[in-house]
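Please read the structure below before turning to the comments.
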Amino acid sequence: MQIPDIIIAIDGYSSTGKSSFAKIIANEFSFLYLDSGALYRGVTLYAIENGYIDDANVIDVEGLDRALDDVDLHFGAEGAYIGDRCIEKEIRSMAVASKVSPIATVPEVRNFVDRKLREFGAKKRVVMDGRDIGTTVFPDAELKIFMTADPLVRAQRRAAEMKAKGENADIEAVLRNLQERDYIDSHREASPLSKADDAIVLDNSTMTMEDQMVWLKKIISERFGC
Ligand code: DC
């Protein structure tokens, strides 16, 4: 299937499989995949390691904002990097997961990430996943998908992923973490998670990845005549 030069924006709740879906789409259509959550996670790791967020999640916003000017956060061969250091493993830890939503409420952090995403997306043929791609980062994206799924199904999938990586996965804790993140992400003041008016909802609670690709290709062929 040959599709035109478009931006595909995928938003939705935590652990709905946005990034897995986006990666497969990127592979299928030779698009660039951009994981916006990885940038928020990268900023969070940086903030933890450099003392800009404490145990009570109090954030030194001014200090962090000043420091971000010199943080070389980018994507490379193995995922996200700060300078030469690949941070892919650290940013997926529970330590980062439990602090990323508070960090993502900070407008200065959102501006920093938005700037990077718009630079990366300028050439089109990108699929980007996050919480505010279709509403704020690329409001003119030609195709917007909003993903959701039953919370327990999401927690089970996430726990299975963590177990496969040899990490400790208490399903109750995983469920709590993703519900907390959904709440903070949807209720924050700066660019809260919400469905763009022109986004198409995908509830994948009972769908396989193959089902989702069939669903997507049908939409693409109807919308772009390919
Ligand atoms: O997609 P993820 O779980 O890796 O995202 C981690 C956190 O980053 C998520 O809890 C909220 C924040 N985020 C955001 O606020 N806006 C985005 N576009 C992407 C992620």
Side-chain angles (χ1 to χ4, degrees), residues 1-42 73-75 79-80 100-101 104 110-151 153-154 157-158 161 178 181-182 185-186 188 190-226:
M1 187 180 225
Q2 276 296 335
I3 65 172
D5 293 351
I6 60 169
I7 291 178
I8 303 178
I10 302 183
D11 290 303
Y13 294 104
S14 293
S15 299
T16 44
K18 297 184 296 295
S19 47
S20 307
F21 192 33
K23 277 183 208 158
I24 289 177
I25 295 170
N27 198 34
E28 176 84 21
F29 302 128
S30 303
F31 270 35
L32 176 66
Y33 165 57
L34 293 175
D35 173 359
S36 67
L39 298 184
Y40 286 102
R41 288 170 182 268
L73 180 59
H74 61 98
F75 293 108
V100 63
S101 281
R110 303 205 68 81
N111 289 337
F112 170 81
V113 170
D114 287 356
R115 251 195 339 266
K116 290 205 173 286
L117 292 172
R118 290 190 186 118
E119 260 168 46
F120 299 144
K123 293 203 186 97
K124 301 261 174 160
R125 295 194 84 78
V126 295
V127 51
M128 204 174 282
D129 80 301
R131 305 293 187 291
D132 62 342
I133 307 300
T135 51
T136 303
V137 184
F138 285 108
D140 296 330
E142 290 82 357
L143 181 58
K144 300 180 187 176
I145 299 166
F146 188 85
M147 290 178 67
T148 184
D150 181 87
V153 173
R154 292 193 268 143
R157 286 180 188 157
R158 180 85 191 100
E161 241 173 53
L178 68 86
R181 286 203 285 146
D182 285 350
D185 295 344
S186 316
R188 67 176 173 232
S191 314
L193 165 66
S194 71
K195 187 186 99 55
D197 290 340
D198 51 350
I200 309 165
V201 175
L202 170 60
D203 181 336
N204 66 9
S205 303
T206 60
M207 288 169 92
T208 63
M209 194 54 82
E210 274 171 17
D211 296 335
Q212 294 178 75
M213 276 312 281
V214 171
W215 175 90
L216 178 75
K217 284 184 177 172
K218 183 163 176 281
I219 286 168
I220 289 179
S221 97
E222 282 167 6
R223 185 170 294 190
F224 302 105
C226 49

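- Between the side chain of R158 and the main chain of S15, no donor-acceptor pair closer than 3.5 Å is present.
- Taking 4.5 Å as the limit, some side-chain heavy atom of I220 sits within range of a side-chain heavy atom of F29.
- The pair R131-D182 does not count as a salt bridge, with every side-chain nitrogen at least 4.0 angstrom from each carboxylate oxygen.
- Partners of R157 by salt bridge (Lys or Arg N to Asp or Glu O under 4.0 Å), not counting sequence neighbours: none found.
- Aromatic ring centres of Y13 and F146 lie closer together than 6.0 Å.
- Inter-residue side-chain proximity for L34 and F120 is flagged as met; some heavy-atom pair is nearer than 4.5 Å.
- N204 places no side-chain N or O within donor-acceptor distance of the main-chain N or O of A149, the cut-off being under 3.5 Å.
- Side-chain atoms of R118 come within 3.5 Å of backbone N or O of V137 as a donor-acceptor pair.
- D203 is linked by a side-chain hydrogen bond (donor to acceptor under 3.5 Å, both in side chains) to S205, counting only residues two or more places apart in sequence or in another chain.
- In this structure K116 satisfies the side-chain hydrogen bond (donor to acceptor under 3.5 Å, both in side chains) test with no other residue, sequence neighbours excluded.
- The number of heavy-atom neighbours closer than 6.0 Å to CG of D5, taken from other residues, nucleotides and ligands shown, is above 12.
- For F112, the ring pair (Phe, Tyr, Trp, His ring centres under 6.0 Å) criterion is met by no residue, not counting sequence neighbours.
- Between K18 atom NZ and T148 atom OG1 the span is 10.0 Å, to the nearest 0.5 Å.
- Residues passing the salt bridge (Lys or Arg N to Asp or Glu O under 4.0 Å) test with D129, sequence neighbours excluded: none.
- Separation of atoms CD1 (I133) and OG (S191) is listed at 9.5 Å; rounding is to 0.5 Å.
- Salt bridge K217/E28: present, at least one basic N to carboxylate O contact under 4.0 Å.
- A heavy-atom distance below 4.5 Å is not found between the side chains of I8 and M128.
- Minimum interatomic distance between K144 and G134 (heavy atoms only, all atoms of both residues): NZ-O, 2.9 Å.
- Between the CG atom of D185 and the OG atom of S101 there is a distance of 3.5 Å, given to the nearest 0.5 Å.
- Partners of E222 according to the side-chain hydrogen bond (donor to acceptor under 3.5 Å, both in side chains) rule, which considers only residues two or more places apart in sequence or in another chain, are K218.
- The minimum heavy-atom distance linking C226 with I3 is given by the pair SG-CG2, 3.6 Å.
- In this structure a side-chain-to-backbone donor-acceptor pair under 3.5 Å is present from K195 to A199.
- With K124 contributing its side chain and I6 its backbone, the two residues share no donor-acceptor pair below 3.5 Å.
- With hydrogens and angles ignored, the 3.5 Å screen pairs no side-chain donor or acceptor of D132 with any backbone N or O of T135.
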